There are 2 protein chains.
Amino acid sequence: MAVTLADVAARAGVSAATVSRVLSGNYPVAAHTRGRVLRAVEELEYVVNGPASALAAASSDLVGVLVNDIADPFFGIMASAVQGEIGDRKLAVVCNTGGSPERELTYLTLLQRQRAAAVVVTGGAVEDPEHQAALGARLKRLTEGGARVVLCGRPPMRDEAVGGGTGAAGATGTAAGTEPGAAAGGAPEDVPGGGQVGGRGADGGIVTLAFDNTGGARRLTEHLISLGHRRIGYVAGPAHRTTTRHRLDGHRQALEARGLLADAEALTVHGWAYDRPSGYDGALELLRRGTAPTAVLAANDTVALGVCAALRDQGLRVPEDISVAGFDDFPYSVDAYPALTTVRIPLHSAGARAGRLALGREGAPPGGVATVPAELIVRASTAPPHAFR
Amino acid sequence: MAVTLADVAARAGVSAATVSRVLSGNYPVAAHTRGRVLRAVEELEYVVNGPASALAAASSDLVGVLVNDIADPFFGIMASAVQGEIGDRKLAVVCNTGGSPERELTYLTLLQRQRAAAVVVTGGAVEDPEHQAALGARLKRLTEGGARVVLCGRPPMRDEAVGGGTGAAGATGTAAGTEPGAAAGGAPEDVPGGGQVGGRGADGGIVTLAFDNTGGARRLTEHLISLGHRRIGYVAGPAHRTTTRHRLDGHRQALEARGLLADAEALTVHGWAYDRPSGYDGALELLRRGTAPTAVLAANDTVALGVCAALRDQGLRVPEDISVAGFDDFPYSVDAYPALTTVRIPLHSAGARAGRLALGREGAPPGGVATVPAELIVRASTAPPHAFR
DNA sequence: TTGTAGGCGTTATCAC
DNA sequence: GTGATAACGCCTACAA
């Protein structure tokens, strides 16, 4: 930890100010001077002191990315996409919250401490009003400090949570937990919104990229119903999380439309995580409850693989004896046995967009909220039930 | 960005120094004083200025983690484990190099600029002497600056690359590209090494957690040979990378022991990445080359899934017509069709150990190098060839 | 136990 | 164009 700006300046025979200007590049400097400076930098192997420049410039080149677990493909893919957009001008600080509200808050504070240029919060939110309020407060402080905040994969914050914003912000509010776009029943609205126009998020606001979990789940259940299934089990994700609930909502909307809602409660079991063991145990629990369903939906593809494994271990064939479907369409789902019917969410492009939004390289959508569409992918794991063959 | 240490000090009626001491906690402060300070911090919602304290203390709480691609489970799992160990006292800066040597160097410089407390470099290295030299120089500067450096999943640096270290370092060198432990043919050596003792890496050195790729690959090929296979195809990873070469080395060692090395060249094809398309195309290429192999080994499980897909599309059954095996034992490999025979590398525990090493929470192994074992996992994708049934 | 003061390495505002 | 010279906010001997 030796060579500093001053050393370079001395060697190049210029002032520290000039060196700084050459390095930051945002100020005119004579060609030959810049040449000498650059040579001195080379010779001395000088490396800028990040903390020092961050202090002086009151801004750092760190971008925080909050994920539940970076090893989970759902988050890994999004984080990778964010990183791809950030490139090497900024650094991505990845924080594994493990889905814990407390850690989410802790990390947000840590990122504020680092004076992060932006923060991307990925994945579903915990539906606790108290936590939402605390989260909103943290996020608000972050934006007030000049950081851009992007929510990717969760519904927008309620206005109360982030405190009344500008006049334009008022138009953004949605009822707690109601997914925008999905609730309207239509195609997810989303207009690129060129430049810096477009409601909050343009500057100092929070931009949200919500996922159409409800719509996707609804279409998936409709698919099963159309195949002839009437008793459809559901191994849901952890309770009190927006992703879990929205998917369940869509499922139930489809059931209700066909008057099949009565059994829904008995056919639903909540896992404790979006992982394979959770699916395995969930499936066993479902079988234990009596009349077996003819199809089982899972919280996501990983859970679905656990479900398949459990069914197989119980001597049931998928999809001959029982259909199974997942959600998210992870890369390996097509190679699973059997290839999973699922709902694709364009995680990579959503993450990339979140990254651009975080860098301000893309304008915020109108109202600061856009909904990412979800597409039904039918593969081999779903088929008509016995009665329909 | 308003409230500073001074503000808190004023509100608490103490000096800035006292507030600093309360916050860092590494200095005795009277109970009631600390109480008042803490209250002031709460009331003012004070958040430390990271860059400022990093500047003053000449150290930051950032830990860099270099990966090829965080969306790849191989890296995602290790990164997640590293993150789990560093918890929320330090922040993980994840850098996607995409396997590019240049970006690897760029990121290392960026991390040095941030005065990262430690850097964990994961995955195989590019086997270019020039790059190795440049890499060694960067790593050396990092360690000289007080950062801990941990290599996880690649062989140790040659001593020339990192410049002559202390006397103890001399014992660590291995011939370029020769994997320690594996080459010896015995079980991977590894002694925890309590405390701060144990060769380089204890302070200012580079600690290496090498993977036993060679040994794992050798055992995998031996397994196939023992099943009766004689023509074994190999869809390798990108050339000039240690992981690719070490696995290929192990494969050939096993072939050579049975006098089967003659066809090896013609049965090997290099992919351009450790991904599915690479496996798909590699398998087709292999089939195109004439006499089809009775088994195909893949660079890793992801590639193996691509191989299986290609074979299936060509009307071949796995493993009836042709056996397939992967490497790494990713979580989903057991759910693939058919369940993959593979070699398990304990990525999570290796990553966790790398994390502890990076924090100095665990002593360096003797010589600064430990080898992570690889275990053969036999599943359904490998079976005897037709001739043996 | 607490306060004082100097410095950490850059950036930005002025003059020249 | 380039050079002084204040901040920037915190840490840490050194004193009291």
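Quick note: numbers below take in every heavy atom, side chains included, and nothing from hydrogens, waters or symmetry partners. Residue numbers begin at 1 in each chain, while the letters A, B, ... track the order of the sequences. Given the structure is predicted, the values throughout are model-derived calculations rather than measurements.
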Using atom [atom1] of [X] as one end and atom [atom2] of [N] as the other, report the distance to the nearest whole Å.
| X | N | atom1 | atom2 | value |
| --- | --- | --- | --- | --- |
| R115(A) | dT11(C) | CZ | C1' | 17 Å |
| L23(B) | dT12(D) | CG | P | 13 Å |
| L55(B) | dA7(D) | CG | C1' | 13 Å |
| R21(B) | dC10(D) | CZ | C1' | 12 Å |
| R34(A) | dG1(D) | CZ | P | 12 Å |
| N26(A) | dT10(C) | CG | P | 15 Å |
| H32(B) | dT1(C) | NE2 | P | 10 Å |

- Whichever of R36(B) and A56(B) has the more 5' nearest nucleotide on DNA chain C, that residue is R36(B)
- Judged by nearest nucleotide, the residue sitting upstream toward the 5' end of DNA chain C, Y27(A) or Y27(B), is Y27(B)
- Query: Is it true that the side chains of R148(A) and T143(A) contain a donor and an acceptor less than 3.5 Å apart?
  - Reply: no
Among [options], the nucleotide that comes nearest once only the side chain of [X] is considered:
| X | options | answer |
| --- | --- | --- |
| S20(A) | dT2(D), dG9(C), dT11(C) | dT11(C) |
| P28(B) | dG1(D), dT1(C), dG3(C) | dT1(C) |
| Y46(B) | dG3(C), dG3(D), dC10(D) | dC10(D) |
| T33(B) | dC8(D), dG9(D), dT2(C) | dT2(C) |
| A52(A) | dT2(D), dC8(C), dG9(C) | dG9(C) |
| S53(A) | dC10(D), dT11(C), dG9(C) | dT11(C) |

Minimum heavy-atom distance between [X] and [Y], given as atom pair plus value:
| X | Y | answer |
| --- | --- | --- |
| V65(B) | A92(B) | CG2-CB, 4.4 Å |
| A9(A) | V19(A) | CA-CG2, 3.6 Å |
| E85(A) | A352(A) | CG-O, 3.2 Å |

- Message: Tell me if a side-chain donor or acceptor on R11(A) pairs with a main-chain N or O of A40(A) at a distance below 3.5 Å.
- Response: no
- Query: Looking across every strand, which nucleic acid part, if any, lies under 4.0 Å from A17(A) by heavy atom: base, sugar-phosphate, or nothing?
  - Reply: base
- Task: Give L5(B) one of three labels, base, sugar-phosphate or nothing, depending on what nucleic acid heavy atoms sit under 4.0 Å from its own.
- Result: sugar-phosphate
- Short side-chain N/O contact to dG9(C) OP1/OP2 from T4(A), under 4.0 Å: no
- Query: Any side-chain N or O of T18(B) less than 4.0 Å from the OP1 or OP2 oxygen of dG3(C)?
  - Reply: yes
